[in-house]
Trainee: 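Would you mind keeping the following structure in view while I ask a few things?
Proteins come first, then strands; the chains are lettered A, B, ... in the order of their sequence lines, and each starts at number 1. Since we're looking at a predicted model, the values are computed, not measured.
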Amino acid sequence: MKNQEIANIFYQIAIYLEMDNISFKPQAYEKAAFALESLSEDVKDIFQREAEEGLKKIPGVGENIAKKIIEYLKTGKIKEYEKYYHKMPVNIGELIQVEGIGPKMIKALYKNLKITNLEDLEKAAQQGKLRKLPNFGEKTEKNILESIAFLKRSRGRFLLSEALFLAEDIILQLKKIKEIDKISVAGSLRRMKETIGDIDLLATIKNGAKEDAKKVMDVFVNLDGIIKVWDYGLTKSSVRFDKKIDADLRVVDDDEFGSALQYFTGSKDHNIKTRKLAMEKNLKLNEYGVFKGKKLTAGKTEEEVYQAIGLPYMEPELREDRGEIEAALEEKLPKIIGYDEIKGDLHCHSDWDGGENSIEEMAKAAQLLGYEYLGISDHTKFLRIENGLDEKQLLEQHKAIEKLNSRIQHTGYRIQILHGCEANILNDGSLDIDDKVLAQLDYVIAGIHSSMKMTREEMTQRMIKAMQNPYVKIISHPTGRLINRRDEYQLDIEKIIETARETSTALEINSFPSRLDLNDKNIRKAVEKGVKLVINTDAHHRDHLQFMRFGIAQARRGWATKNDIINAWPIDKLLKFFHKI
DNA sequence: GCCGTTTTCGGCCCGACTGTTTTCAGTCG
């Protein structure tokens, strides 16, 4: 799929344009890039089917950008970009990741110090060269070094979504081979960890024949997007994809698929415990099976492997040695929420606040996902750039949603649209929308979108005050972290959880791939305190509704059950929760 | 460069915050 590659080039063109103070064009390129990466269909397919006209239907794509997409599809290059890159050969993708660095700084760094990548930048900062540049100073230099250190800590880890989308694509390709019998992801990806080091895949061959394994491996090492083959063998091959994600494929015997899957899924600590448990029963557990002496007693499925050592089957998300084995032995393992148990998404943006789709389009997409309800929660007025709604617009939107609800029911759609908003928590903990208006909505989400560098005490008080507002039912992305990019706010999460319990406020598990906030550990803390949670996507496009599974995965990793998640509840129970003032 | 219930040109892109400065440049959401 070329969408992301083209989007990345457009993002870079936007930055080059911004360096030259060109107005409006950068936003146009950014908008097109955003639309491209949100697209679920391959632009190549759209172009083949509907030519340039089809491309121009993508929001933000007009005549010029459509031509550039076509140019890339045909030649693998975009001349406009090549021209800029020739003039300033800088690794923009790398430098822009540094918090506090934007187009103007990249330009100044290149012009004055010939800095082209992260390594150059770090060296120059360490040598105190940055502070001498105009508009730079000691503090900027220090911030840049801190930000680079943060990036380095997270280097080599990929977002769960990136790894999963690639893995699913690989599996789709491999499943076309008729000799393949079973295939599954393993490793941290199967455990749905928030970041992934590499992709592990496990497969079996129908008749176990060596020449068939070779066929499979041949397809694997020649997949689209591979830039390096590390290993090529009949039982294991290893490759690197263009985003520098590595993937391993192992072929195992059908009899050992379960034990191999269990072994390669990990986690390592979980496996150490399961092996100990096996030893206590005079058994031996390894990747080839469960053995009594030399006799194989289990191995074909994970279920029989766990059963053989006296455990129930464990969902991969639980296998972190965080007490799951002990809980299982005491039959106290919770029934964690299923991927199909969410009944609605309560944090979605519409085109009222600059999102891509109308409320109706969002509702129809939600209906297709089988949801009972969809909550529209646009930004409010403090966020001017996001077209935040003011009191008057919120009331207008309320009427529009009432109308749409009654119209939709006559057209065979069963989905019910709820009206909320994502109000801004201002520095003093008050909200940017009048309580009288908030009172008229079905629910209110409150979130922090500004002044993220307060002290721990100030930030905690700020959020506590917002939760004490009787209309606030949900706190969005409670810790504010962006994976691999920005740390959490300074925040006393225990106090926040405590206040959430006292005020019956639900804490969000934001499913947006770069957020996953709350994270699994904080989810577990909240669940233990009996605090209610809500899994939302923060969709700004109808395709983003699909991100739900990433949030569900984190909820599962945090041992949350259906009862803990308010949007796994039927609508009557949900509305009762919202109206509990 | 895109877009159109202001429709083929003229809008679009604001305000807080930080760090640099002494009136402002750049980043972020």
Trainee: Taking it one step at a time, do Y110(A) and Y16(A) satisfy ring-ring contact (aromatic ring centres under 6.0 Å, His included)?
Mentor: CA-CA 12 Å; Y110(A) 180 74; Y16(A) 277 122; 9.6 Å; no

Trainee: Let me see the working for L441(A) and C421(A) under side chain to side chain contact (heavy atoms under 4.5 Å, CB included), right down to the final yes or no.
Mentor: CA-CA 8 Å; L441(A) 308 182; C421(A) 69; 3.7 Å; yes

Trainee: Given that F24(A) and Y29(A) both sit by DNA chain B, which one's nearest nucleotide is further toward the 5' end?
Mentor: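 Between the two, 5'-proximity favours Y29(A).
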
Trainee: Show your working on side chain to side chain contact (heavy atoms under 4.5 Å, CB included) between N357(A) and H541(A) and close with a plain yes or no.
Mentor: CA-CA 6 Å; N357(A) 294 108; H541(A) 185 292; 3.8 Å; yes

Trainee: What integer distance in Å separates L17(A):CG from dC12(B):C1'?
Mentor: 15 Å

Trainee: Whole Å only: how far is the CD atom of E99(A) from the C1' atom of dG29(B)?
Mentor: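 Going from E99(A) (CD) to dG29(B) (C1'), I get 11 Å.
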
Trainee: Select base, sugar-phosphate, or nothing to describe what P26(A) touches, counting heavy atoms under 4.0 Å on all strands.
Mentor: nothing

Trainee: Could you check how far NZ of K31(A) sits from C1' of dG11(B), rounded to whole Å?
Mentor: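 The distance from NZ of K31(A) to C1' of dG11(B) comes to 14 Å, rounded to the nearest Å.
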
Trainee: When you match S23(A) and A28(A) each to their closest nucleotide on DNA chain B, which lands nearer the 5' end?
Mentor: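 By nearest-heavy-atom nucleotide position, the 5'-most residue is A28(A).
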
Trainee: Side chain of N64(A) only, heavy atoms from C-beta on: which candidate in dG1(B), dT27(B), dC13(B) is closest?
Mentor: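 The answer is dG1(B), which lies nearest to the side chain.
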
Trainee: Mind running side chain to side chain contact (heavy atoms under 4.5 Å, CB included) on Y443(A) and I474(A) for me, showing each step along the way?
Mentor: CA-CA 8 Å; Y443(A) 65 100; I474(A) 294 170; 4.1 Å; yes

Trainee: Each nucleotide in nucleotides 14-20 of chain B should get exactly one letter: B, S or -. Can you fill that in based on protein heavy atoms under 4.0 Å?
Mentor: BSSS-SS

